[in-house]
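Working notes for the structure below.
Bear in mind that the values here come from a model prediction, so they are computed numbers and not experimental data. Just so it is clear, the values below take in all heavy atoms, side chains as well, and ignore hydrogens, waters and symmetry mates.
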Amino acid sequence: MAVKEVERKVTKIGNSLGVTLPAEILKHLHVKQGDEVIFYLEEGKVSFKKRPAVNIEGFEDIDQEFLEGMKKLFDNYDDTLRNLVKR
């Protein structure tokens, strides 16, 4: 597949800077509002992809409050946990 370039300008969004994603990029990645993406930082470039959906089969009987607590833990300590895996 040929590489296609799509250009965007960095704009001010609130107190931050940001880049909007064109509809064709969202469609290509099958991303919609509320989905999460993962960014990969390499020397001089950044790439990203849609975070895969989590298979929750078998977790139906687990307390929802516990699952929310686990999600919060992973959201807050994702980098730390990933660094521990690398050791």
Side-chain angles (χ1 to χ4, degrees):
M1 183 167 115
V3 175
K4 181 175 182 180
E5 289 186 14
V6 178
E7 293 185 15
R8 300 304 268 190
K9 241 182 211 190
V10 177
T11 59
K12 187 158 179 66
I13 301 174
N15 291 329
S16 301
L17 297 177
V19 176
T20 59
L21 300 173
E24 70 180 299
I25 299 293
L26 299 173
K27 184 177 177 183
H28 179 78
L29 292 175
H30 305 287
V31 173
K32 62 186 181 312
Q33 184 175 347
D35 287 345
E36 295 182 1
V37 294
I38 303 168
F39 289 89
Y40 300 94
L41 308 177
E42 299 177 52
E43 189 65 36
K45 71 178 185 175
V46 176
S47 59
F48 71 100
K49 70 177 186 177
K50 180 179 178 179
R51 180 182 292 272
V54 176
N55 181 358
I56 59 169
E57 187 176 316
F59 292 98
E60 297 87 358
D61 296 332
I62 295 179
D63 182 58
Q64 186 63 34
E65 188 176 327
F66 173 78
L67 291 176
E68 289 172 6
M70 291 300 293
K71 181 178 181 338
K72 193 176 288 187
L73 177 124
F74 284 111
D75 287 346
N76 290 333
Y77 297 102
D78 186 59
D79 288 339
T80 302
L81 295 168
R82 288 181 190 278
N83 287 333
L84 286 172
V85 168
K86 294 176 185 176
R87 289 182 172 212

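Cluster annotation: I25 is not connected to I38 through the hydrophobic network of ILVMFWY side chains, with a link wherever side-chain heavy atoms come within less than 4.5 Å. Hydrophobic cluster membership differs between L41 and V10, with clusters built from Ile, Leu, Val, Met, Phe, Trp and Tyr side chains linked at under 4.5 angstrom.
Here L73 contributes atom CG and D78 contributes atom CG; the two are 10.0 Å apart, rounded to the nearest 0.5 Å. The CD atom of E65 sits 13.5 Å away from the CD1 atom of I62 when rounded to the nearest 0.5 Å. Taking CG from L21 and NZ from K27, the interatomic distance works out to 16.0 Å, rounded to the nearest 0.5 Å. Of the inter-residue distances, the one linking D75 atom CG with E36 atom CD reads 6.5 Å to the nearest 0.5 angstrom. Here the CZ-CG distance, from R51 to L29, works out to 14.0 Å after rounding to the nearest 0.5 Å. Between atom NZ of residue K71 and atom CG of residue N76 there is a gap of 9.5 Å, rounded to the nearest 0.5 Å.
Residues in residues 37-49 take part in no side-chain hydrogen bond (donor to acceptor under 3.5 Å, both in side chains) pair, two or more places apart or across chains.
In terms of modelled atom types and a separation under 3.5 Å, the side chain of D35 and the main chain of K32 share a donor-acceptor contact.
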For this session: Evaluate the criterion side-chain contact (heavy atoms from CB on, under 4.5 Å) for residue pair H28 and K4; output intermediate values, then yes/no.
Result: CA-CA 12 Å; H28 179 78; K4 181 175 182 180; over 6 Å; no
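In terms of the side chain to side chain donor-acceptor pair (under 3.5 Å) criterion, K9 has no residue partners (sequence neighbours excluded). For F48, the ring pair (Phe, Tyr, Trp, His ring centres under 6.0 Å) partners two or more places apart in sequence, or in a different chain, are F39.
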